[in-house]
Amino acid sequence: MTFYVTTPIYYVNAQPHLGHAYTSIAADILARHHRRRGDDTFFLTGTDEHGEPVADAARAQGLEPRAWADLNAAKFKALLPAIGVEPDFFIRTTDSEHKRRVQQVLQRVHDNGHVYKGIYEGWYCPRCADFKTEAEIGPGNRCPIHEIELTREREENWFFRLSAFQERLERLFAEQPDFVRPTRARNEAQAFIAQGLQDISLSRARLEWGVEVPWDPGHVFYVWFDALLNYYTALGYARPGEDLTARYWPAQLHLVGKEILKFHTIYWPAMLWAADLEIPEHVFVHGFLQGSDGRKMSKSLGNGLDPFEVLERFGVDALRFYLFRDVTFGADGNVGMEAVAVRYDSELANEYGNLVSRTLAMIARYRDGVLPEAGHDATLEPDLGSLAGEVAAAFDAVDLSGALELIWQRVRRLNRYVEERKPWELAREADRAGELDTALATLHHGLDVVTAELAPYMPATCALVRSALEAAPIKPIPPLFPKRDR
RNA sequence: GCCGGAGUAGCUCAGUCGGUUAGAGCAGGGGAAUCAUAAUCCCAAGGUCGGGGGUUCGAGUCCCUCCUCCGGCACCA
């Protein structure tokens, strides 16, 4: 099996924030899980660097667009190691290899007869050198930035025949109900299609910061077409001298936020069909992280969760764990520093961390650090034996929170097992040495099973636990999740 | 306005195809234990399942209606 997973490529105009980290960590967890399962896995992320806003921002800084993009792409790239995310490739849409392949694919769309020259008409600000959407038009038909009057302009550009794919898209959604998940995201896409699709503009004539349209060099492609194609183009040059396209395309899973649902579930499959390419198997639309008050995070409300503060106070694995433990993946959810602290103390320190501590300590204390060669207690077999399969099924449904809950049920089961067996009592009775051996071997095994499934979420911590379980002799280690004064 | 989603314990949420006394975690209450990061484990308590109506032997679940919140409603040119 191959597993190719992507995040959206992040627009370089923004500063990296929790939302970027959230999607990247989700993709990383999925990739690590599938790798562990033995799938041939490829994980792609990167940055989206073309388009008017980037050109504008660069100009405002007195920089060339490319220099501005370099600066900001570096920030996104630097975020990844800090949050434990290890993609197989980091694409930038300004890569010459990407641009060349965008041109190839869209040339094919052109040659297949899916584009035509049309007129776009709209309100234009000469100072912005940009058309404005209805929502962007200020009072008195003025540009909200420059406060000058907008002019009605017409521009000739290339259109993509999206409308021609209406029926095929309807069929896709009917025949493949899990193409878009979760269900409410699929419904939204279907409702959009049902309204009737209009053709969309494919190029911009006024703009230079983009990928040149090969059959009409005065134009560049509309940034979304350039951006979406990254998922495909990256495979062509991610490994120098090797083309991975045949190996990994079509992708198994695109992770996207709900704000870009339309592009990924409608425009994107249509474009791929138009280029005679296969479409991805699944698009998973996750929700938004909101402030602890349930409102959108904002600096002025001060209700945001700063990922860097979490990293500093609780560490990278705690952040990764928290985001998928406290918010059902796929739904919107509230996050806050207080909730992080509660999860950290009660689950990471008290339940998992302490389970590791007490298990290692008892093996060290009662058996001089030597793992008893005893069979495992059959009473735990139903719980432990079924875990891997259940977790795999949850991952197949992209239910990262559900999988974590399944794992946590076993963590709790193991703490309960300690209380049931009371190893400290067994240790006092010489004739029950065999029972103690069994209990300790079972705990060791249980911790091993649980830690293996947990590793995609908390790679660094689980590597520590793994080596502690395999050490000879086995001995206590410093607390994995130390409690702090707060 | 139209379409979709949500409303279940103080808090965060599960509840499958309609089926027995509606579940979990956290917080708060009581207890046990001492291997462990004073962590853990057990017990009890806590709900008019947003309101109202209907279908049914039986409704958190299906239908109608109303209320509240959220999202989408296209070429972000």
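Keep in mind it's a predicted model, so treat the numbers as computed, not measured. Lettering follows sequence order; numbering is per chain, from 1.
- Nearer the 5' end of RNA chain B, as judged by each residue's closest nucleotide, is the contact made by A/Tyr352, out of A/Tyr267 and A/Tyr352.
- Toward the 5′ end of RNA chain B lies the nearest nucleotide of A/Ala349, the other residue of the pair A/Asp199 and A/Ala349 mapping further downstream.
- Distances shorter than 4.0 Å separate some side-chain N or O of A/Arg365 from OP1 or OP2 on B/A36.
- For A/Arg428, a side-chain nitrogen or oxygen approaches OP1 or OP2 of B/U34 to under 4.0 Å.
- As rounded to whole Å, 13 Å separates atom C1' of B/U40 from atom CG of A/Leu414.
- Under the 30°/60° scheme for interplanar angles, the aromatic rings of A/His286 and A/Tyr22 are found to stand perpendicular.
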Worked check of side-chain hydrogen bond (donor to acceptor under 3.5 Å, both in side chains) between A/Thr461 and A/Tyr352
CA-CA 11 Å; A/Thr461 300; A/Tyr352 181 72; over 6 Å; no
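- The phosphate of B/A39 (OP1 or OP2) has a side-chain N or O of A/Lys483 nearer than 4.0 angstrom.
- At a threshold of 4.0 angstrom between heavy atoms, the contacts of A/Ile266 with the nucleic acid are absent.
- Rounded to the nearest 0.5 Å, atoms CD (A/Glu49) and CG (A/Asp226) are 9.5 Å apart.
- Proximity of A/Asn354 to the phosphate of B/U40: no side-chain N or O atom is located under 4.0 Å from OP1 or OP2.
- At a threshold of 4.0 angstrom between heavy atoms, the contacts of A/Ser203 include nucleobase atoms, whether or not backbone atoms are also involved.
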